[in-house]
Amino acid sequence: MDDVDDAPARNADAPLPRIAVVVADPDGGGERTVRALLAQTVRPVSVTVVTTAPAPPGGDPAPRDDDARSSGAADAPSSRAAGAPDDAGAPAVRIVRCAHEELGPACVDAARNARAPYVAVLRGGDEALPHCLEHLSRAARDGGEDGAPAGLVQCGTLGLRDDGLVDGFTLPPPAAGSPPSPRDLLDGAYLVRRELLDADRSTAAWVTVPMLLIRRRAGAAGNPAAALAPGLRVVRRTRLVGRGHRVPAAAPRDGSTPRLVSVVVPVRDGARTLAAQLTALSRQTGAVPYEVLVVDNGSTDATREVAERARAGLRDLRIVDASDRPGESRARNRGVAAARGDFVAFCDADDVADSGWLAAMTEAAKEADLVGGGLDTSVLSPAHADEQPLPMDAQTDFLPFARGANCGAWKDVLTAMGGWDERYRGGGEDMDLSWRAQLCGYLVRYAGDALMHYRLRDELTALARQKWNYGRSGAQLYAAYHRAGFQRREGRVVVMNWCWLVLHVPDLVRSPALRRRYVRYGARLAGFLAGSARRGVRYL
């Protein structure tokens, strides 16, 4: 299920170009940025932090041999002069202090003086995901589709709230037509070929990497003029050739088994079905040690009492409160925060886990960052066999996704990409999580033998509400992911769908089965309309 190149790179055997990094850091918060850069799979040759913050008492620390060799950033960046890596391959790190009004020019000077063919420009507080520079350097090496060398390489940024949860993201526009705007450069992250900073005339490719390679917290420090200065010079003085660029995902996990699995069960007024799910979880066979977290999302029935009674069969069961705000994503995030395990599995309160579910899930986790399991309706909803959910390995639209009713991920992965997006309500949050994971470079795998017995909605009103929400979330997903390649349906398909809906109005009175089918399709199409109007997009 990996996201791979549409076409192999022309220069796949050529060495990757070296990269220097300039960090525009007016407020002195660049330690987090440096720490992430020192942990890159392809390390920078140097890191220059340009800041207006005053020096600490006694001045900047003297160079220490172990500063850049450490696995994370040192307590403060070393003042070692910028240049080639030391004997251990660690990048040189230095601090440049200047007046606030000189921050932009100082960043440009640092980029010009870098001893590398390419310079990445980051804001203070930005965190590069571990494979960020590897993806950028591959894109720079491959260049434009007409053979022109890459002059500007852009990637996306993942926005995080102060509590570390996802707050949206920005993807670069497709590299076609007019060059990127200053707003695009400011919102994203980019790599520039150093020699173009002073070139009067040149030809180079503008390459976009539709991935989220930089984590940026709300209110992250960074002077817009400083962040944009090198990029704007390239845009103004370089003819940019557009090319979309996709690169393979990161290497798989190391084959290790989770130490402890935390099973998160979000629930709201689920007293009628919760007991069966908790009984099934108590009977898991061949599984690694696990705990069960029942996350109560504001129940007003006997949900908590049912969970308390299940402690007899589940010694490691905890009840977590998430009643402050409704929403499955809210409940799941609370479960992740409370989880003690290094791998977190998710299931719903109205389904029933197969006895080998957790064992199969953890086995797949050895070689994946996020795992999706199989759903089977034959046990809990045998009358609706035609509504069997499509398995991940049969999905054809955009990127595969793991359904929220049966999925799991390593906790460090969930933390790195900001958890579940709480802005999705009633559907779409599982597609968003899986797609965001893949755009961050993580591996999503399908484990069909990790089976969950899935319950479909019986009542037509509940079914219509569910499909309506799914339709609304489709427009929300399109608004977020169209720059990454998520395409709306062709016009002829839209016309055929709506014509079908009109022609089959008599199905509402022909039979219960036909009525149910009509409600499913009609509610979803109506949700498309409502979501399109709300998001200001055309997703019909």
State whether a side-chain donor-acceptor pair under 3.5 Å links [X] with [Y].
| X | Y | result |
| --- | --- | --- |
| Y478 | R488 | yes |
| Y424 | D430 | no |
| T41 | E134 | yes |
| E422 | N333 | yes |
| E328 | W420 | no |

[atom1] of [X] to [atom2] of [Y]: how many Å apart, nearest 0.5 Å?
| X | Y | atom1 | atom2 | value |
| --- | --- | --- | --- | --- |
| I19 | L133 | CD1 | CG | 5.0 Å |
| R161 | R217 | CZ | CZ | 11.5 Å |
| L129 | D126 | CG | CG | 11.0 Å |
| C132 | I214 | SG | CD1 | 3.5 Å |
| L443 | D369 | CG | CG | 5.5 Å |
| H135 | L191 | NE2 | CG | 13.5 Å |

[X]/[Y] ion pair, N-O < 4.0 Å:
| X | Y | answer |
| --- | --- | --- |
| R423 | E429 | no |
| D324 | R334 | yes |
| D109 | R112 | yes |

Would you say that [X] contacts [Y] through its side chain, given a criterion of any heavy-atom pair below 4.5 Å between the two side chains?
| X | Y | answer |
| --- | --- | --- |
| V209 | V153 | yes |
| W410 | P258 | yes |
| T51 | V96 | no |
| V21 | L122 | yes |
| V45 | P91 | no |
| V336 | F346 | yes |
| R123 | T33 | no |
| L439 | L399 | yes |

So V264 and V294, side chain to side chain contact (heavy atoms under 4.5 Å, CB included) or not? Walk me through it. CA-CA 6 Å; V264 172; V294 176; over 6 Å; no
Could you check whether any side-chain N or O of [X] sits under 3.5 Å from a backbone N or O of [Y], counting only pairs where one atom can act as donor and the other as acceptor?
| X | Y | result |
| --- | --- | --- |
| R18 | R115 | yes |
| Q40 | A128 | yes |
| R194 | A111 | no |
| R259 | P289 | no |
| R268 | N297 | yes |
| E291 | R340 | yes |
| Q154 | T208 | no |
| R43 | L38 | yes |
| Q476 | G531 | no |
| H482 | A479 | yes |

CA sep, side-chain torsions, deciding dist, call: V34, E31, side chain to side chain contact (heavy atoms under 4.5 Å, CB included): CA-CA 5 Å; V34 174; E31 181 179 344; 5.8 Å; no
Minimum-distance pair of heavy atoms, taken over all atoms of [X] and [Y]:
| X | Y | answer |
| --- | --- | --- |
| V537 | A475 | CG2-O, 3.9 Å |
| S434 | A402 | OG-N, 2.9 Å |
| S473 | G427 | CB-O, 3.2 Å |
| R318 | A339 | NH2-CA, 4.3 Å |
| T257 | V288 | CG2-CG1, 3.4 Å |
| T157 | A189 | CG2-N, 3.9 Å |

Ring centroids only, cut at 6.0 angstrom: are Y481 and F169 within range, meaning strictly under it? yes
Derivation and outcome, ring-ring contact (aromatic ring centres under 6.0 Å, His included), residues F486 and W435: CA-CA 10 Å; F486 180 32; W435 293 355; 4.9 Å; yes
Within the supplied structure, the quantity of interest is the number of heavy atoms (other residues, nucleotides, ligands) at a distance under 6.0 Å from Q487 CD; does it exceed 12? no
Side chain to side chain contact (heavy atoms under 4.5 Å, CB included) assessment of C440 paired with L158: CA-CA 9 Å; C440 287; L158 176 66; 4.3 Å; yes
Give the intermediate values and the outcome of side chain to side chain contact (heavy atoms under 4.5 Å, CB included) for residues V263 and V344. CA-CA 6 Å; V263 180; V344 185; over 6 Å; no
